[in-house]
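Since the structure comes first, as structure tokens, the remarks are kept for the end.
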2 protein chains.
Amino acid sequence: MNSRSEALPPNERTLTLRDERKLRTRQALLDAALTLMGQGRSLAGISLREVAREAGVVPTAFYRHFRDMDGLGLALVDDVCLTLRKLMREARVAAQGARDVAIQTSVQGFVGYVLANDRAFEFLTRERFGGRPAVRQAIAREIRYFVAELANDVRVVPPFAAMPSDDLEMIADLVVHTVLNLSADLLELPSGQRVREHELTARTIKQLRLIFLGAAQWRSDRGAVPLGPI
Amino acid sequence: MNSRSEALPPNERTLTLRDERKLRTRQALLDAALTLMGQGRSLAGISLREVAREAGVVPTAFYRHFRDMDGLGLALVDDVCLTLRKLMREARVAAQGARDVAIQTSVQGFVGYVLANDRAFEFLTRERFGGRPAVRQAIAREIRYFVAELANDVRVVPPFAAMPSDDLEMIADLVVHTVLNLSADLLELPSGQRVREHELTARTIKQLRLIFLGAAQWRSDRGAVPLGPI
DNA sequence: CTTCTGAGTGCACGCATGTACACTCATGTA
DNA sequence: TACATGAGTGTACATGCGTGCACTCAGAAG
């Protein structure tokens, strides 16, 4: 398998022509599913046959790539999140260059990114709670990953340095979910509602400023939560 | 229609026996849908026939109550949110009696409420983003209602008095979504995970404390968000 | 050049679904 | 008491579904 190893650019030529075509069909199926989820449909409401039809392939060919629609869903999470991580990493590197990445700049960048990749975010938003358990868990894991990474990133900046890891994660969690909330609201807009879009963005920016204001005042020892009646 | 008006307890006897039975069947259908949504299924993955079967009624009887599954979904939102509003109002009245409702007490009360009404909250969580557009919009409206009501409620307490309405709503929005986030996380637990349950609750309590800490420092004029490139 | 592999095809099947229609018969109305 | 209503029934049908199986025939392997 996977030969044709004539020492060419290895990213291109570790794959045979056949495998390349297979990957293309696979991508067509993933794409088809994403397309069909436009107009507010969820994976649960899309049939295997529909996906195959949209991808221009006979229904039984589906099985060469995925066990069933659940498998397609999981692959979609992987596929979408891989791209997402990569781009987030790039954004992070760019941010290290320009010190003092203001909240506003970051959020506006994020908004642009969400709107540019609306199909991916629509999928994640829709299936995050509405999807089958396996898909939900996969998305939850990705979000936990982002939270942990954000917690690590802000560990070096003033108010967060020397803060207990627990509290850092708690704040990162709050930030991530506030931003995800913005993303969900944006996707609900009928597209092209620039004014409302800006209102939502402004609201989120304020919310993040408020959170950082709170973080600056935060003292872990005052925030302890007693067990109460378990 | 709706006679038998022999001046009895009007809550009971403005309905004929027939209408009463019809209502009972209707409720059975709503209940059946809620039941079938256990184990992580969404409305989109449940058939009209299944609901009828679970309710102990022939499929075509469904149409006497709802136009289709979308109609059932909308009715479910109304039904569930009506109960919810009523109980929230009671909680609010109770809170007015005991001044200084600590964050901790409120959140723990909310957690108990979510776990006691898990089917209702599971439905709302699942369909909030994952549902058909009409259902999503109905739920979004209910959430906006809660946000507005919370904003009104806290208007009288120290840090929030004399704060612009915009900022108040922005904070209420942050609080409500933080709490909804807790609710979603709780429902994802396999039930009976009391330790993890307490961890999640503690995290949310901390997040709310941090938010109120930020709110105490908040100055509207410093939080203005310039338009930027529209 | 020959042989083998496996991605995509075409057909067939049984099954569940949404909904139309004509029905029954308990209950409300007069 | 006699009639009208309408909630729930039972039958029927076309449609779309998931999936099994035998197939073709590029293209990889030797």
Side-chain angles (χ1 to χ4, degrees), chain A residues 1-8 10 12-33 36-37 41-75 132 134, chain B residues 1-8 10 12-33 36-37 41-75 132 134:
Chain A
M1 294 201 183
N2 287 4
S3 64
R4 194 200 281 209
S5 37
E6 312 229 353
L8 282 169
E12 271 300 315
R13 282 306 171 222
T14 82
L15 259 47
T16 67
L17 201 136
R18 244 189 174 189
D19 290 346
E20 207 173 308
R21 286 188 185 162
K22 174 163 187 183
L23 266 182
R24 205 172 311 158
T25 305
R26 185 189 139 99
Q27 199 57 47
L29 287 165
L30 293 172
D31 246 50
L36 290 169
M37 283 208 272
R41 303 175 60 189
S42 66
L43 259 200
I46 294 171
S47 69
L48 184 153
R49 283 177 113 105
E50 246 178 315
V51 174
R53 214 179 297 132
E54 177 77 22
V57 130
V58 102
T60 44
F62 180 97
Y63 296 109
R64 299 280 181 200
H65 303 273
F66 311 105
R67 173 187 297 277
D68 50 25
M69 284 295 284
D70 256 35
L72 187 273
L74 290 175
R132 304 282 307 264
Chain B
M1 292 204 185
N2 288 5
S3 64
R4 195 200 281 208
S5 39
E6 312 229 354
L8 280 169
E12 271 300 314
R13 282 305 169 224
T14 80
L15 260 48
T16 67
L17 200 134
R18 242 190 175 186
D19 289 347
E20 208 173 309
R21 286 187 186 162
K22 174 163 187 182
L23 266 183
R24 205 172 311 158
T25 305
R26 186 189 140 99
Q27 199 57 48
L29 286 165
L30 294 171
D31 245 49
L36 289 169
M37 283 208 273
R41 304 175 60 190
S42 66
L43 258 201
I46 294 172
S47 69
L48 183 152
R49 282 177 113 105
E50 248 178 313
V51 174
R53 214 179 297 133
E54 177 76 22
V57 129
V58 102
T60 45
F62 180 98
Y63 296 108
R64 298 280 181 200
H65 303 273
F66 311 104
R67 173 186 297 275
D68 50 25
M69 284 296 284
D70 255 35
L72 187 274
L74 290 175
R132 303 281 307 263

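What you are looking at is a predicted structure, and each value in this text was computed from that prediction instead of being measured. Chain A is the first sequence line, chain B the second, and so forth, proteins listed ahead of strands; every chain is numbered from 1.
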Whole-Å gap separating [atom2] ([N]) and [atom1] ([X]):
| X | N | atom1 | atom2 | result |
| --- | --- | --- | --- | --- |
| A:M69 | D:dT19 | CE | P | 11 Å |
| A:E20 | C:dG8 | CD | C1' | 17 Å |
| B:R49 | D:dC13 | CZ | P | 14 Å |
| B:R53 | C:dC15 | CZ | P | 14 Å |
| A:L29 | C:dG8 | CG | C1' | 11 Å |
| A:L15 | D:dA29 | CG | P | 12 Å |

### Nearest-0.5 Å distance that lies between atom CG in A:L72 and atom CG in A:L48
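Atom-to-atom, A:L72:CG and A:L48:CG are 8.0 Å apart.
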Side chain to side chain contact (heavy atoms under 4.5 Å, CB included) against [X], all qualifying residues, sequence neighbours excluded:
| X | result |
| --- | --- |
| A:A55 | A:A28, A:L29, A:A32 |
| A:R18 | A:T16 |
| B:R26 | B:L23, B:L30, B:H65, B:F66, B:A75 |

All N/O pairs under 3.5 Å across the protein-nucleotides 7-10 of chain D interface:
from	atom 1	to	atom 2	distance (Å)
D:dA7	OP1	B:K22	NZ	3.4
D:dA7	OP2	B:K22	NZ	3.3
D:dA7	N7	B:R64	NE	3.4
D:dA7	N7	B:R64	NH2	3.2
D:dG8	OP1	B:T25	OG1	2.3
D:dG8	OP2	B:H65	NE2	2.7
D:dG8	N7	B:R64	NE	3.0
D:dG8	N7	B:R64	NH2	3.4
D:dG8	O6	B:R64	NH2	2.7
D:dT9	OP2	B:V58	N	2.9
D:dG10	O6	B:T60	OG1	3.0

Pairing residues for [X] by the salt bridge (Lys or Arg N to Asp or Glu O under 4.0 Å) criterion, not counting sequence neighbours:
| X | value |
| --- | --- |
| A:D31 | A:R119 |
| A:R24 | A:E20 |
| A:D68 | none |

### Task
For DNA chain C, just give me the dot-bracket, please: Watson-Crick or G-U, both distances below 3.5 Å, ( ) intra-strand, [ ] crossing earlier pairs, | paired with another strand, . unpaired.
||||||||||||||||||||||||||||||
### Task
With sequence neighbours excluded, tell me which residues meet side chain to side chain donor-acceptor pair (under 3.5 Å) with B:R41.
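B:E50.
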#### Entry: A:L48, nearest nucleotide to its side chain (from C:dG18, D:dT19, D:dA28)
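Minimum distance to the A:L48 side chain belongs to D:dT19.
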